[in-house]
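As structure tokens, the structure follows; a few thoughts come after it.
Whatever order the structure lists ligands and atoms in, that order sets their numbers, starting from 1.
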Amino acid sequence: MTYNINEKGYYGEFGGAYIPEMLYPNVEELRLNYLKIMAEPSFKEAFDQLLKDYVGRPSPLYFAKRMSAKYKTKIYLKREDLNHTGAHKINNTVGQILMAQRLGKTRIIAETGAGQHGVATATVCALMGMECIVYMGEIDIARQAPNVARMKMLGAKVVPALSGSRTLKDATNEAIRDWINNPVDTHYIIGSVVGPHPYPDMVARFQAIVSEEIQWQLKEKEGTEKPTYVVACVGGGSNAAGAFYHYLEDTDVKLIAVEAAGKGVDSGESAATSILGKEGIIHGSKTLLMQTKDGQITEPYSISAGLDYPGVGPMHAHLYKTGRAEFMAITDDDAMLAGLELSKTEGIIPAIETAHSLAIFKYKTFKPEDIVVINLSGRGDKDLQNYIEYFDL
Ligand SMILES: *Cc1c(COP(=O)(O)O)cnc(C)c1O
């Protein structure tokens, strides 16, 4: 059993590239080149340099003393919230902009829902002086005004998707249409471990810096590279893929993936994709997704925009199906309380996405000698309005 991708682009039965024929040349160009480019010393050097000087890596591995005392176990927080732009997403966009340059591309497109990936993409385009077009549903543009303003300040053009439900799914369709029309000069930066092969694997490799650092940081602090558990929240699955990556094949290390239960797994308003999902194809890959009996995609719901996705990356579908990772679903209410708790016990205000993974201590007990590493995927600044309304602050 392997938990990594095979040469055909599958994790077990999940993954692959289910794309319209007109997209084939673009995806094929990437597939044939991505591993070769990533292995080039000059690529590695440029990537490492930017992660260090621009993103601010390595991000600290912080021993959360008061949380540990409260839950009677050893809790470490991997501080992706301290990265430039406030989350793990920048690791991937830095990698992909370098990839785009090596492929000779001059124009970048992306799709965004809540705007976080759009901001991370606009950021690296400004850094490299590249043209940037971000597709975003008209409804999302209205809901996420601060991120739209950020993208504009960074020089990106934000194009509204006016069809369908005017949200992420429709923005993705627009981006794909653009890419088909501009195959030569354009690279499409996908923001999570989703989409057709090779995207899930390429994004996982860019995010793998997270577990690479955990290994040596934990060695310094605990004398071992291996935690007992690695925990991460899952929307599409990129921060979890990064935190799990170097531990995937090492079954001594237990993996916990935390999904958003929304108002409850059985409430009809949820984003617990693995638990509720059935096999299907979304964004060019075979995976688990929430759908009706006749295969229509169900609208997901979560209080956190970043977890509000009807599918999950194929790596996670495989981790779920094989039982390699334990999947937990955490409600809006539990996540909000856990976000407040981390703020008060450690002085760290987490993103609401991240707060889901902190809520597991309410439902699962750990041994005093266990080392539990939580991937703190992002900071809560962007969620302040949500916290204000929820807690009446
Ligand atoms: C986007 C986002 C997520 C969810 O995306 P993944 O690809 O599942 O990591 C989680 N946390 C934060 C802070 C995010 O911005």
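In the model, T292 has a side-chain atom that pairs as donor or acceptor with a side-chain atom of D294 under 3.5 Å. Donor-acceptor pairing under 3.5 Å is lacking for the side chains of E131 and T106. No hydrogens or angles considered: nothing links the side chains of D332 and Y390 as a donor-acceptor pair under 3.5 Å. A donor-acceptor contact under 3.5 angstrom links the side chains of Y34 and D201, judged on distance only.
Ranking protein heavy atoms by distance to atom 10 (C) of ligand 1, first place goes to E353 CB, 3.5 Å. What sits closest to atom 4 (C) of ligand 1 on the protein, heavy atoms only, is G306 O, 3.4 Å. The protein atom (non-hydrogen) at minimum distance from atom 12 (C) of ligand 1 is S377 OG, 3.5 Å.
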Steps toward ring-ring contact (aromatic ring centres under 6.0 Å, His included) verdict (H283, Y309): CA-CA 11 Å; H283 300 155; Y309 180 69; 5.7 Å; yes
Derivation and outcome, salt bridge (Lys or Arg N to Asp or Glu O under 4.0 Å), residues E80 and R57: CA-CA 9 Å; E80 294 300 293; R57 307 201 70 92; 2.8 Å; yes
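A ring pair (Phe, Tyr, Trp, His ring centres under 6.0 Å) with Y229 holds for exactly one of Y76, Y247, F366; it is F366. Residue H187 forms a side chain to side chain donor-acceptor pair (under 3.5 Å) with just one option from Q96, K105, R102, R107, and that option is Q96.
Within the listing of ligand 1, atoms 8 (O) sit less than 4.0 angstrom from a heavy atom of V234. The atoms of ligand 1 that sit less than 4.0 Å from any heavy atom of S192 are 6 (P), 7 (O). The atoms of ligand 1 that sit less than 4.0 Å from any heavy atom of G235 are 8 (O). Of all atoms in ligand 1, numbered sequentially from 1 with element shown, those under 4.0 Å from a heavy atom of G378 are 13 (C).
Considering backbone and side-chain atoms together, K89 places an N or O closer than 3.5 Å to an N or O of ligand 1. For S238, a nitrogen or oxygen atom sits less than 3.5 Å from a nitrogen or oxygen atom of ligand 1, counting backbone and side chain alike. In terms of N/O distances under 3.5 Å, ligand 1 is approached by G236. Ligand 1 has no nitrogen or oxygen under 3.5 angstrom from a nitrogen or oxygen of A351. Considering backbone and side-chain atoms alike, G237 places an N or O below 3.5 Å from some N or O of ligand 1. Distances between N or O atoms of Q116 and those of ligand 1 include no value under 3.5 Å.
Seen from the ring of Y301, K263 counts as a face-on cation partner, given the 6.0 Å and 45° thresholds.
Between H88 and ligand 1 there is a heavy-atom distance shorter than 4.0 Å.
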